[in-house]
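I have placed the structure first, in the form of structure tokens, so that the comments after it can refer back to it.
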Amino acid sequence: MNSRHLSQFEFCPRLPALAISSLPPLQPIREAVKAQFAAGVRQVLTGSPVTAPIDFLNEAASAGFLYPSGDPFTLAQDYSCWLDGALRIVEELGLRLTPAPPAVAAGKRIQIESAYTDASTLHLFLIGSDPDESKWPILLAQLAEPLTIELHLFPLPSARGGRLSTPLTIAYRHPLTGSLRLATLSGETGFSSKWTRVGRWEEEFGWGNWRDGIDRDQCIDQIYRHATIYPSRDDDYLREIREDAAAIAAAIPLPHPRLRENCSICPYARICHAEKEVDHVDDDARSLVTVH
Ligand code: SF4
């Protein structure tokens, strides 16, 4: 079990047992990117060959994903390009870390996704923009009682108009001069519709030039943010986190009603609604959530 399963439980209590049992028939593309980002971070931090962006494209070409509106080929390339760029930024940090041990709550071991450690510091690599301390990876990280938690955040906007417009992926070409820009500077108005969007993968720009463009257009904060958190030393607060995590872990294998308001955006809808009743819990799921 890992921190993602606790987050899934808060979306719908039926979801983590389904996720532990099997992959959904089709994964939403953003979920697939998150999984490959986690794999890629591990590859970078442990000095292994970084295959996550190409693995992602291979998945897109074989199992396929659920896409928002737009051309699937273009979106898969855009997301893979984002993944490639984000992992290059992780490489730039120059860290060599080991995976953090699981958090322990009432005897249950819960892996903290994308958590790595060096002596007294715990590093979390998360997709998102804000250091939201109510998220489970950050809550569980505090149970390890590190001196500091370093948060490495990688914003991933939603695709719009069939493209993933981030400065890791898309540049804007000036209609007259043909010059390329990655972002507007403060005081400038946005790019008008006359600027054309160009994917980094479409014209095979070298990463070195693109990285220079990120500095030139001062848009690194749209790509990467860093925050330091000093974990709580309040025993009551830490006990509360431990008890809540243990209670969720114990509840995951139990039957739960369907939370119908979330079903329309749930990738497990076909499986979940095909079940006769809610009392079925896969044996694999049960054994996974009771590991001590
Ligand atoms: S389909 Fe609905 S009830 Fe089933 S796991 Fe998803 S959100 Fe929950």
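Every number for a ligand or one of its atoms is a count from 1 in the order of the listing.
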Inset, instruction - Only counting residues at least two apart or in another chain, list the ones meeting side chain to side chain donor-acceptor pair (under 3.5 Å) with D84. - result: R88, R200
Inset, instruction - Answer yes when R211 and E91 have at least one side-chain N-carboxylate O distance shorter than 4.0 Å, and no when they do not. - result: no
Inset, instruction - Just the protein N/O/S atoms under 2.8 Å from atom 4 (Fe) of ligand 1, please, no waters. - result: C272 SG
Inset, instruction - Not counting sequence neighbours, list each pair that qualifies as a salt bridge (charged side-chain N to carboxylate O under 4.0 Å, His left out) and has a residue in residues 43-63. - result: none
Inset, instruction - Give the ring-plane orientation class for H152 versus H226, where under 30° counts as parallel, over 60° as perpendicular and anything between as tilted. - result: tilted
Inset, instruction - Quick one: closest heavy-atom pair of P24 and Y268, and the distance? - result: CD-OH, 3.2 Å
Under 3.5 Å donor-acceptor pairs involving side-chain atoms of residues 237-247, not counting sequence neighbours:
| unit_1 | atom_1 | unit_2 | atom_2 | d |
| --- | --- | --- | --- | --- |
| R239 | NH1 | D236 | OD1 | 3.4 |
| R239 | NH2 | D236 | OD1 | 3.0 |

